[in-house]
Amino acid sequence: MADNIRVRFAPSPTGPLHIGGVRTALYNYLFARQNGGKMILRIEDTDQTRFVPGAEQYIIEALTWLGIEFDEGVHVGGPFGPYRQSDRKEMYRQYSDQLIENGWAYYAFDTPEELDIIRKQYEAEKKAFQYDASTRDKMKNSLTLPTEEVKNLLESGAAFVVRFKMPENEEIHVQDLIRGDVKVNSGLLDDKVLFKSDGMPTYHLANIVDDHLMDISHVIRGEEWLPSAPLHVMLYKAFGWEDTMPMFAHLPLLLKPDGNGKLSKRDGDRLGFPVFPLRWTDPVSGEVSSGYRESGYFPEAVVNILAFLGWNPGTEQEIFSMQQLIDAFSIERISKSGAKFDLEKAKWFNHQYLIHRDDTELAQLFQNVVAEKCVNADFERVKEVCPLVKERASFVNDLWDQAKFFFVAPESYDEQIIKKRWKEDTPTHLNRISEIIASTQPFSKDQAHDRVMEYIQQNSLNTGQIMNCLRLSLVGAAMGPDLFAIIGILGIEETQNRIRKAVDTIKI
RNA sequence: GGCCCGUUCGUCUAGCUGGCCUAGGACAUCAGAUUUUCAUUCUGGAGAUCAGGGGUUCGAAUCCCCUACGGGCUACCA
């Protein structure tokens, strides 16, 4: 590996960052940290028409939430700034000029409308128009127009773009860290616009110039960029920057869980899982898209899930902290094929983080949920309850469904259980058991357990029947942790109240 | 259409320098055990003839070729 590892995550602020982008950021981050390199956030906002207010802030907030930190970037500054391409606007022109001077690029005056017409004509003949070596001498550009006219056009302020002059027949090699040697003939590529008529560079120019200026050593990005990688290689060559050209790694895409195609912003809520790290409200339509954070995922779990979508350590360990990922990560072990998001496995990951979370911390999180659901709950009780029910939950919110009865007495009783277990003499026994529990000295769940079991045996009762009815009285359903653990937490008074209420309410 | 990338259980994948693969793990799923309940836990099962076909080789999921399928790109979007 090179001495100075510098990687960048370079999103466009065209909306919320989706999890594919988050994964790209994560892989960049892991690679940088593992190699003691720098992680840079660069905002690529060269398309003014697609700019979405709030998107940049969203990206920063999302990555911060996930623990993906930057050494340099639009929000933290750094020696290679500015880090927002719109703020770098003035410096791109000189690079496109340089290419024109060297004969690697030229001015083109064809208007979008003219190009549109030509494309339609080609289409009518079932051909595809490509602005390249075979067509550029028929177009309106500085290669075909007289020098004087070009000069006049430029001076008169006519709209123009700068196009790359793609060689007619040259074998281009892209060395990809994941895919190996990818080669393509330049004759198949077109004369991409480098500099737009609005004075902004296109992605291709800005990207190469900035990566060079920012001393980027490795470009780790999505596979959708692989087709334009040959152009980028050519640009490095045209600028004479081949020696410092970064290494490329094109990541496999994240696919739709159902059917085919790459995961898109629309898929998430359609399939019941978030595609965004944070909830997003579209500033124009007002449409709300759910986020992992708001859905109850732990950031550590999201990182773990994403890390394993397209990468694995080659061992059987699946739960990795960020630091462990940094230590274990390697570009060589990134898979080549796209991965589908699996909601069930994602839940399992979150479950793992939930059950291994420190009990006090978990209790604090759950305390907030309890506070929303009912009146003031004692923190000590919340803390006692958590370890009893956490095995049953994937999310903190699930804890409520599992532990609700610790905080609120049952309002109704499961009819099925009543039908199956509740007998005529049940009230009598429950009243006796209520007294027994109340008289247990000293009171403890174990004592209560022993005394109740003693009663059941002495009266030759059916354990299952009595216990289920007792559970029904306290919980309202056939669920929950160990009955006496419940009684221990509810305490004598509440236990008695609930038994009394059940006996009064349940009729057969 | 053209170009590029890919293809192992339903899903994520191990396997990459060919023999230890009658293809391993995880999630999901099924069954049994445990339990006073639900869940957990434990044990076990089913599940990919490695996309298909040709080669190379004593031997291929692993190397080569072809085909099929999937995906990406093909804008003055990134």
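Hydrogens, waters and symmetry mates are skipped; everything else that's a heavy atom, side chains included, is used. In what follows, chains carry the letters A, B, and so on, assigned in the order in which the sequence lines appear, proteins first and then strands, with residues in each chain numbered from 1.
Of the C1' atoms belonging to B:rG72 and B:rG10, the separation is 25 Å, rounded to the nearest Å. Taking the P atoms as reference points, B:rU57 lies 16 Å from B:rC64, given to the whole Å. For the C1' atoms, the distance linking B:rG44 with B:rG52 amounts to 35 Å, nearest Å. A distance of about 11 Å separates the C1' atoms of B:rA48 and B:rA61, rounded to the whole Å. Atom name P, nucleotides B:rA23 and B:rC30: the rounded distance is 24 Å, in whole Å. Between B:rG71 and B:rG53, the distance separating the two C1' atoms is 23 Å to the nearest Å. Rounded to whole Å, the P atom of B:rC27 lies 23 Å from the corresponding atom of B:rU49. Taking atom P on both B:rC4 and B:rC66, the two are 12 Å apart, rounded to the nearest angstrom.
The closest side-chain heavy-atom distance from A:Leu388 to A:Phe406 is below 4.5 Å. At a threshold of 4.5 Å between non-hydrogen side-chain atoms, the residues A:Pro13 and A:Tyr58 do not count as touching. Between A:Met247 and A:Gln175, the closest side-chain pair of non-hydrogen atoms is not below 4.5 Å. Residues A:Val275 and A:Phe341 fail the side-chain proximity criterion, which asks for heavy atoms closer than 4.5 Å. Residues A:Val389 and A:Pro481 form a side-chain contact, since some pair of their non-hydrogen atoms from C-beta on lies under 4.5 Å apart.
Using a cutoff of 4.0 Å between basic side-chain nitrogens and carboxylate oxygens, A:Asp401 and A:Arg392 are not scored as salt-bridged. A:Lys262 and A:Glu223 are not joined by a salt bridge, as no carboxylate oxygen comes within less than 4.0 angstrom of a charged side-chain nitrogen. Using a 4.0 Å cut-off between charged nitrogen and carboxylate oxygen, A:Lys345 and A:Asp342 do not count as a salt-bridge pair.
Counted within 6.0 Å of CD on A:Glu168, heavy atoms from surrounding residues, nucleotides or ligands total 12 or fewer; the atom is thus considered open. The local environment of NZ in A:Lys404 is sparse, with at most 12 non-hydrogen atoms from other residues, nucleotides or ligands closer than 6.0 Å.
A:Ser12 places a side-chain N or O within 3.5 Å of a backbone atom of A:Glu44 that can act as its donor or acceptor partner. Put simply, the side chain of A:Asn350 never gets that close to the backbone of A:Tyr297: no donor and acceptor are under 3.5 Å apart. For the pair A:Arg333 (side chain) and A:Trp311 (backbone), a donor-acceptor distance under 3.5 Å is absent.
The ring of A:Tyr353 has its center no closer than 6.0 angstrom to the ring center of A:Phe298. Aromatic ring centroids of A:Tyr95 and A:Phe195 lie 6.0 Å or more apart.
With sequence neighbours left out, A:Asp450 forms a salt bridge (charged side-chain N to carboxylate O under 4.0 Å, His left out) with no residue at all.
Remark: B:rC3 base-pairs with B:rG72; criterion is Watson-Crick or G-U wobble with both hydrogen-bond distances under 3.5 Å. Under the Watson-Crick and G-U wobble criteria, each requiring two contacts below 3.5 Å, nucleotide B:rG44 is paired to B:rC30. When both distances must be under 3.5 Å, the Watson-Crick or G-U wobble mate of B:rU22 does not exist. Here B:rU36 sits opposite no nucleotide as a Watson-Crick or G-U wobble pair (both hydrogen-bonding atom distances under 3.5 Å). The base-pairing partner of B:rA51, taking Watson-Crick or G-U wobble contacts with both distances under 3.5 Å, is B:rU67.
Closest approach to the A:Glu391 side chain among B:rC73, B:rC4, B:rU40 is made by B:rU40 (side chain taken as heavy atoms from C-beta onward). In the set B:rC77, B:rC3, B:rG25, B:rC77 carries the atom at the smallest distance from any side-chain atom of A:Arg50. Comparing B:rG72, B:rC76, B:rU36 by their closest approach to the side chain of A:Lys262 singles out B:rG72. Listed nucleotides B:rG72, B:rC38, B:rC5 differ in distance to A:Leu226; the shortest reach to its side chain belongs to B:rC5. In this structure, of B:rC38, B:rA78, B:rG72, it is B:rA78 that holds the atom nearest to the side chain of A:Trp225. Listed candidates were B:rU37, B:rC76, B:rA28. Nearest to the side chain of A:Asn468 is B:rU37.
Within residues 407-418 of chain A, no residue places a heavy atom under 4.0 Å from RNA chain B.
Note on residues 204-214 of chain A: pairs passing salt bridge (charged side-chain N to carboxylate O under 4.0 Å, His left out), not counting sequence neighbours, are A:Arg8-A:Asp211, A:Arg42-A:Asp210, A:Arg42-A:Asp211, A:Arg88-A:Asp210.
The separation between A:Lys126 atom NZ and B:rG1 atom C1' is 10 Å, rounded to whole Å. Per the geometry, CG belonging to A:Asn350 stands 15 Å off P belonging to B:rC27, to the nearest Å. If you take CG of A:Asp47 and C1' of B:rA78, they are 7 Å apart, rounded to a whole angstrom. With rounding to whole Å, A:Ile172 atom CD1 is found 19 Å from B:rC73 atom P. Atom CZ of A:Phe129 and atom C1' of B:rU74 are 13 Å apart (whole Å). Between the CG atom of A:Leu205 and the C1' atom of B:rA75 there is a distance of 16 Å, given to the nearest Å. Rounded to an integer number of Å, the gap from A:Leu354 CG to B:rA39 C1' is 14 Å. Following rounding to the nearest Å, A:Met139 (CE) and B:rC76 (P) show an atom-to-atom distance of 10 Å.
Using a 4.0 Å heavy-atom cutoff across all strands shown, A:Thr315 reaches no nucleic acid atom at all. Among the heavy atoms of the strands lying under 4.0 Å from A:Asp110 is at least one base atom, whether or not backbone atoms are also near. Nucleic acid contact class of A:Leu483 (heavy atoms, under 4.0 Å, all strands): base. As judged by a 4.0 angstrom heavy-atom cut-off over every strand, A:Val182 is placed among residues touching the sugar-phosphate backbone only. At the heavy-atom level, A:Pro11 lies nowhere under 4.0 Å from the strands shown. Residue contacts shown for A:Ser197 include a base, since a base heavy atom lies under 4.0 Å away. Using a 4.0 Å heavy-atom distance criterion, A:Asp482 is classed as a base contact.
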Within the sub-3.5 Å range, which N or O atoms of nucleotides 29-31 of chain B have a protein N or O partner, and how far apart are they?
none

Could you list all N or O pairs between the protein and nucleotides 62-64 of chain B that sit under 3.5 Å apart?
none

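Neither side chain, A:Asn185 nor A:Glu170, offers a donor N or O lying under 3.5 Å from an acceptor on the other.
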**OP:** Using a 4.0 Å heavy-atom cut-off, write out nucleotides 6-17 of chain B from 5' to 3' as B (base contacted by protein), S (sugar-phosphate only) or - (no contact).
**Re:** SS--BBSSSS--
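Comparing A:Tyr203 and A:Trp348 by the nucleotide of RNA chain B whose heavy atom lies nearest to each, the residue mapping closer to the 5' end is A:Trp348. The nearest heavy atom of RNA chain B to A:His449 and to A:Asp181 marks one nucleotide each, and the one closer to the 5' end goes with A:Asp181.
Between A:Lys183 and B:rC4 there is no side-chain polar atom (N or O) within less than 4.0 angstrom of OP1 or OP2. Between A:Arg392 and B:rU41, a side-chain N or O to OP1/OP2 separation shorter than 4.0 Å is absent.
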